[in-house]
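Take a look at the structure set out below.
Note that these values count all heavy atoms, side chains included, but never hydrogens, waters or copies made by symmetry. Computed from a prediction, not measured in an experiment: that's the story for all the values here.
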Amino acid sequence: MLLAIVPAVLLSPEPLETTVFLISLLPITVSIGIAAAALVHNTSHSILKPRWLNTCIGELASLLVRTNFFGWKMVHYYHHKHADDVENDPHCPKGRAFWPYANTMQKATVDYLDAKHLELHHLPKPIYILTMVLGALIFVGTPLFWLLVFGPTLFAAIWMPVFISGWWLFFVINYYNHPFDEKGVSTPVNLNTKVWHKLTNVVSFGTLYHKNHHEDASFFNPSKKPASESN
């Protein structure tokens, strides 16, 4: 996270003051990124009322953390349908270490979505090539959009920490909330024992209560799910 500050400092005429200012911003920018990722996740379940509000908030939050809300919604549907299935769950850690998993999760998710779409719709190959090109333009265009909005220094100081922390939450949910036991079996768990669990749950509306979420996805904050309803 601190590496995001380096280019901002280098571009500043007052590097010391800029460093202090940008480090002081980190609690805010990190919280925004985590909250945005949580909103992408929650609105993909159409939890908010009226229902159209989910698309509006989901798209805006997706813009902050550079993800495709509609694509995320589709992949997340299959995650719930095939949770912890090493063959069919698009997010399954499959027993790997955290960083090897995090470095490949996004590509594996896109590959899964492409394969599933081809299986269901069998569109001509040029259509899929076109979507790949458009996806690449959005992939590059989103950071460029925020660069134009903020300028170089604030882009590095604000958007980059927001983006990094948002994807950190995506990785954490799919990895630490779906641990494998000694028998090689993975099941969703709730996390709220460590300090970083508690802080993350405050900012992300209880997102690390993931076992509760898989049992009943209708709660905006799954930590509010009554204990009597848990399996």
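With hydrogens and angles ignored, the 3.5 Å screen pairs no side-chain donor or acceptor of Asp84 with any backbone N or O of Asp89. Between the Tyr101 side chain and the Gly95 main chain, no donor and acceptor come within less than 3.5 Å of each other. A donor-acceptor distance shorter than 3.5 angstrom exists from the side chain of Ser186 to the backbone of His178, with no hydrogens or angles considered. Side chain of Asn177 to backbone of Leu208: a donor-acceptor contact under 3.5 angstrom is found. Listed for the Asn201 side chain is a donor-acceptor partner under 3.5 Å among the backbone atoms of Leu191. With hydrogens and angles ignored, the 3.5 Å screen pairs a side-chain donor or acceptor of Ser165 with a backbone N or O of Val30.
Nearest heavy-atom pair, Pro93 versus Phe180, reported as atom, atom and distance to 0.1 Å: CD-CE1, 4.2 Å. Between Cys92 and Asp85, the shortest heavy-atom distance links the atoms CB-O, 4.0 Å. Among all heavy-atom pairs drawn from Pro50 and Asn54, the shortest one is O-ND2, 4.0 Å.
Heavy atoms of other residues, nucleotides or ligands lying less than 6.0 angstrom from CZ of Phe139 number 12 at most. The environment of Lys125 atom NZ is sparse: at most 12 non-hydrogen atoms of other residues, nucleotides or ligands sit within 6.0 angstrom.
Aromatic ring orientation, Phe98 versus Tyr176: parallel (interplanar angle below 30°, classes split at 30° and 60°). Classification of the His213-His45 ring pair by plane angle, with boundaries at 30° and 60°, yields perpendicular.
Leu53 and Phe205 fall within a single hydrophobic cluster, where Ile, Leu, Val, Met, Phe, Trp and Tyr side chains are chained together by heavy-atom contacts under 4.5 Å. Residues Trp159 and Phe145 share a hydrophobic cluster, clusters being chains of Ile/Leu/Val/Met/Phe/Trp/Tyr side chains in contact below 4.5 Å. Linking Ile, Leu, Val, Met, Phe, Trp and Tyr whenever their side-chain heavy atoms come within less than 4.5 Å leaves Leu63 and Leu39 in two separate clusters.
Two residues are said to be in side-chain contact when any heavy atoms from C-beta on lie closer than 4.5 Å; Phe219 and Asn212 fail this criterion. Under the 4.5 Å side-chain criterion, counting only non-hydrogen atoms from C-beta, Leu64 is in contact with Trp146.
Other cluster members for Val75: Phe70, Met74, Leu113, joined by side-chain heavy-atom distances under 4.5 Å among Ile, Leu, Val, Met, Phe, Trp and Tyr.
Screening His82, His76, His80 against Tyr78 for a side chain to side chain contact (heavy atoms under 4.5 Å, CB included) leaves a single residue, His82. When each of Asn190, Asn221, Asn192 is tested with Tyr209 by the rule side-chain hydrogen bond (donor to acceptor under 3.5 Å, both in side chains), just one qualifies, namely Asn192.
In this view, Lys116 and Glu119 satisfy the salt bridge (charged side-chain N to carboxylate O under 4.0 Å, His left out) rule, not counting sequence neighbours.
Within the 6.0 Å centre-distance limit, the rings of Phe170 and Trp167 are counted as a close aromatic pair.
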